[in-house]
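Values below: all heavy atoms of this structure, side chains included; hydrogens, waters and symmetry mates excluded. Treat the numbers as computed from the prediction; the structure is a model and nothing was measured.
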Amino acid sequence: MTLHEGQGAEACNDPSQDSEQAPRPVLQPGFMAAGLVLCGSFSFSLMGLFVKLADRHTRCTPFSLLAVRSALGFVMNLVAIFCEMRGMAAAGAGVATLPGASLRHQRRSCSQSGKDCATRFGGPSTCREWIWLAVRCLGGFACISLEYKTLQALPLATNTMIVYSSPMFIVVWAAILLGEKLRLPVAICMSICFGGLLLIVQPWKHDASAPLWAYGGAAVTAMISGLVYVSLKELKKVKYHFVINLFVIVCLACSVIVGLALDVLPFPPLDNRPAWGYLCGVGVAAYAAEVFVTMGFAKATPTNLGEVSTMKFMSPVFSLVWGFVFLASSPGALQFVGMVLVLTSAGAINFLRSANHGLDGMRSESSTSTEEEVTTSNEGEADPDGDSPHKRQRSAGSRRAV
């Protein structure tokens, strides 16, 4: 054996090189999407827990909670946009190195054509999208304000479970506003979900510690939440940063204006650190939940969209655990049965709708690709002599003319 052959044999038997050449395990997009949505559900449950804990240390109204949440969300979203622009500039994606230069260029462009100003920043391009954006902002403000109000009166798990019955109302809003057909399996799941809500609310049994108006407010919150989800579906062509920036600005302005007008905008003293800690926790947890859920659904594919969407309904499960551990609250037997019915039926509704939309999208994509393949094959088909169909047709016409 020569020296070179011995070096080659040692190189082949070197375990370090085998480890470097071995392919690294890659996390499947479906698992990653489900994990991100699960983290979003966890963050949403933490937000509700922080609201309950903040109410123990200070007097908070829904408008003061929403004002703090919106202010923190606006700042964190600006930081996220700045980091994204710097990352795109570093990657050479055609963005200016200094974000200020890009913004100045866009401002000059907007001054020249003010009609397209919002579109240049990723905003709506049609009147219909502007209407849905208004529904998303104003409906989101009403939904969150009412949710915080009912959360102060109801147990954490009970309020979260009623709010998460929103898929039942998504079906109703989609049928009314978008003309979507109501299928029989979805209608059955809606009936089961409504029965579970009755077991949770128990209108035949009045409880002074949990007034009926709070149950009704939570149900209205679920209705408005369903409308907001429909608006998000119609805003899929609008950049998410634009939507959330406008949303937090509208929420901050409305909460301050309405709170000052009604004289219900109290804030804890600056030396009340526990209260401010929980208030900041509400804002951070809410923003983290929105980011996780958005990233999760962005990574979902039509084949696993139904499974990924069901991860949202882990938030009531987490809320049930937080209520038992930190708040010493647990539902009754009938309420627990109602929670199980709402959780399973709402998850089934979401799964059926997502799976149906995913199949429709796959069918349309497959039909489009099939038509393109047929067109390409027909145009590129040639005879053994290398003549195309159009050339053969012209030659046959010339022979007939002769």
Side-chain angles (χ1 to χ4, degrees), residues 38-80 140-164 209-211 214 217-218 221 225 244 247-249 251-256 258-260 262-293 312 314-331:
L38 183 63
C39 292
S41 300
F42 181 80
S43 301
F44 271 125
S45 66
L46 284 181
M47 181 198 69
L49 175 63
F50 290 149
V51 170
K52 299 291 287 186
L53 294 177
D55 195 46
R56 291 182 173 182
H57 291 83
T58 185
R59 176 180 172 266
C60 289
T61 64
F63 303 110
S64 56
L65 286 169
L66 187 53
V68 174
R69 168 182 170 170
S70 302
L72 289 176
F74 181 70
V75 173
M76 288 186 289
N77 199 52
L78 287 182
V79 173
F141 167 74
C143 177
I144 297 175
S145 301
L146 193 56
E147 180 184 1
Y148 287 163
K149 182 64 177 178
T150 57
L151 191 57
Q152 294 175 339
L154 292 176
L156 176 60
T158 303
N159 184 81
T160 307
M161 190 63 62
I162 297 176
V163 171
Y164 268 76
S209 61
T221 302
S225 179
I244 194 168
F247 170 65
V248 295
I249 290 174
C251 286
L252 179 60
C254 291
S255 58
V256 171
V258 176
L260 291 176
L262 300 177
D263 195 18
V264 286
L265 194 66
F267 291 102
L270 294 178
D271 57 352
N272 192 348
R273 295 183 178 179
W276 279 108
Y278 289 129
L279 288 178
C280 293
V282 171
V284 173
Y287 182 78
E290 293 176 351
V291 171
F292 280 132
V293 171
K312 293 191 307 180
M314 289 300 295
S315 183
V317 179
F318 291 129
S319 299
L320 186 63
V321 175
W322 303 146
F324 181 77
V325 174
F326 296 100
L327 305 175
S329 63
S330 58

* Any donor-acceptor N/O pair, Ser45 side chain to Ser319 backbone, under 3.5 Å -> no

* Shortest non-hydrogen contact from Pro331 toward Leu320 -> CD-CD1, 3.6 Å

* Answer yes or no: is there a side-chain heavy-atom contact under 4.5 Å between Phe247 and Cys251? => yes

* Asked: So, for Leu156 and Gly323, which heavy atoms are closest and what is the spacing to 0.1 Å?
  -> CD2-N, 4.3 Å

* To do: Say whether, by atom type as modelled, one donor and one acceptor occur between the side chain of Ser225 and the main chain of Thr221 under 3.5 angstrom.
  => no

* So which heavy atom on Ser255 is nearest to which on Phe141, and how close? -> N-CE1, 3.6 Å

* To do: Any chance you could measure Phe63, atom CZ, to Leu65, atom CG, to the nearest 0.5 Å?
  => 11.0 Å

Which side-chain N or O atoms in residues 146-154 pair as donor and acceptor under 3.5 Å with protein atoms at least two apart or in another chain?
residue : atom : partner : partner atom : Å
Tyr148  : OH   : Arg69   : NH1          : 3.0
Thr150  : OG1  : Leu146  : O            : 3.1
Thr150  : OG1  : Glu147  : O            : 3.0
Thr150  : OG1  : Asn159  : OD1          : 2.7
Gln152  : NE2  : Cys60   : O            : 2.9

* **Qualifying residues under side-chain hydrogen bond (donor to acceptor under 3.5 Å, both in side chains), relative to Thr58, sequence neighbours excluded** => none

* Between NZ on residue Lys312 and OH on residue Tyr164, distance to nearest 0.5 Å -> 7.5 Å

* Kindly indicate whether the side chain of Leu49, heavy atoms from C-beta on, has any atom under 4.5 Å from the side chain of Phe326. => yes

* Relative to each other, are the rings of Trp322 and Phe318 parallel, tilted or perpendicular (30° and 60° limits)? -> parallel

Below 3.5 Å, can you tabulate the donor-acceptor pairs from side chains in residues 276-289 to any protein atom, sequence neighbours excluded?
residue : atom : partner : partner atom : Å
Trp276  : NE1  : Pro268  : O            : 3.2
Trp276  : NE1  : Pro269  : O            : 2.9
Tyr287  : OH   : Asn77   : OD1          : 3.2

* Of all heavy-atom pairs between Val163 and Ala218, which one has the smallest distance, and what is that distance? -> CG2-O, 4.2 Å

* Close side-chain approach of Leu327 and Leu53, heavy atoms under 4.5 Å -> yes

